[in-house]
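Structure record follows, encoded as structure tokens.
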Number of protein chains: 2
Amino acid sequence: MNKDTIVNRMKEEGLRLTPQRVQIVELLFELSHPTAERIYAAMIEKFPYASQATVYNTLKMLKELGLARELSAGDKSSHYEIAESEHWHFNCRACGEIFDLEANLSEPLLAVGTQRGAFQVDSYQVEFYGLCAKCRV
Amino acid sequence: MNKDTIVNRMKEEGLRLTPQRVQIVELLFELSHPTAERIYAAMIEKFPYASQATVYNTLKMLKELGLARELSAGDKSSHYEIAESEHWHFNCRACGEIFDLEANLSEPLLAVGTQRGAFQVDSYQVEFYGLCAKCRV
DNA sequence: ATAAATGCAAATGCTTTGCATTGCC
DNA sequence: GGCAATGCAAAGCATTTGCATTTAT
């Protein structure tokens, strides 16, 4: 997924390409799993009068189009990421960094999730917590 | 894990066994992955003057002792459960029910989480989202 | 031109905190 | 009796909402 894909999808939906929205999308590519607050902080450097509401509205819109994902694990505040292909996360409790991990095992995992067909799984997430390579002394 | 184990552990820690705390522990066993609000609602039937603060304080205490777990996935409000052996969850988006799933695959999953030893994994969670058997038409 | 998006501020909802009172050990 | 825990209310945060103004199309 790249910026053009997202911009095109927004056009298809008849949504307006405001500079604020474009900037938020760019920041989602630049920053690693940012919170809304983090995005807002970066935003006001270019758009001093930007509002948190715009950040939240845009993130919600991207989520609803399936272009971004909200990560609710751990912190009080959500982290966001561009909806790339399936992957998992490692959350470092020391530095707070979130690392993407390759998702292999998807199939056997889904077999458990669906209870061998009884449940319908729309999505799933795997989150690890601990210390990353740098922070483990 | 049973009630006695928890009560004994609290005694060991020199914590007071107030009737409110005991009741909250019992409710965690009775209810399925309740929220703090759900526990509070059940509590005031026996303790009409109980406060939400007590519920939150007790849940925090149980969490810190490793006796309960907080599930932050999905909803705005956290769900809680007694810290039983490793298992995963299926969250139904229709009825809101959370189902426990057996956690097999732990070892290969942890191999991914630790990045083959580079990271130190303290805990992890697997959450599935979709429709449970009853809610899928 | 016009309807959608922004910015601002107020509101909401969950959770935490401060503090006087209560009650477990 | 002493100190931790409770209940109550207020405060804190993240997020949402209402509405007048701005702006992309």
Take the protein atom [atom1] of [X] and the nucleotide atom [atom2] of [N], then report the distance between them rounded to whole Å.
X: B/His79; N: C/dC14; atom1: NE2; atom2: P; value: 11 Å
X: B/Tyr40; N: D/dT6; atom1: OH; atom2: P; value: 14 Å
X: B/Glu64; N: D/dA5; atom1: CD; atom2: P; value: 12 Å
X: A/Leu59; N: D/dA14; atom1: CG; atom2: C1'; value: 13 Å
X: A/Gln52; N: C/dT12; atom1: CD; atom2: P; value: 19 Å
X: B/Arg21; N: D/dG7; atom1: CZ; atom2: P; value: 11 Å
X: A/Asn57; N: D/dA14; atom1: CG; atom2: P; value: 17 Å
X: B/Lys11; N: D/dA4; atom1: NZ; atom2: C1'; value: 17 Å

Looking at [X], I'd like to know whether one of its side-chain N or O atoms comes within less than 4.0 Å of OP1 or OP2 on [N].
X: B/Ser51; N: D/dC8; answer: no
X: B/Thr18; N: D/dA5; answer: no
X: B/Lys60; N: C/dT17; answer: yes
X: A/Lys76; N: C/dG13; answer: no
X: A/Tyr56; N: D/dT16; answer: no

Using a 4.0 Å heavy-atom cut-off across all strands, classify [X] as base, sugar-phosphate, or nothing.
X: A/Gln20; result: sugar-phosphate
X: B/Ser78; result: sugar-phosphate
X: A/Tyr49; result: sugar-phosphate

Tightest non-hydrogen contact, residues A/Tyr124 and B/Tyr129, listed as CA-CD1, 4.2 Å
So which heavy atom on A/Met1 is nearest to which on A/Phe29, and how close?
O-CE2, 3.4 Å
Reported CD-to-CG distance for the pair B/Gln125 and A/Asn91, which is rounded to 0.5 angstrom
8.5 Å
I'd like to know if A/Lys60 pairs up with A/Glu64 as an ion pair, taking the criterion as any Lys NZ or Arg NE/NH1/NH2 lying under 4.0 Å from an Asp or Glu carboxylate oxygen.
no
Polar side-chain contact B/Arg16-D/dA4 base: donor and acceptor under 3.5 Å
yes
Using heavy-atom distances to pick each residue's nearest nucleotide on DNA chain C, tell me which of A/Ala53 and B/Glu37 is more 5'.
A/Ala53
First of B/Tyr80 and B/Leu17 reached from the 5' end of DNA chain C, by closest nucleotide
B/Tyr80
Go through A/Met61 and A/Met10 one step at a time and tell me if the side-chain contact (heavy atoms from CB on, under 4.5 Å) criterion holds.
CA-CA 9 Å; A/Met61 176 270 287; A/Met10 287 173 60; 3.6 Å; yes
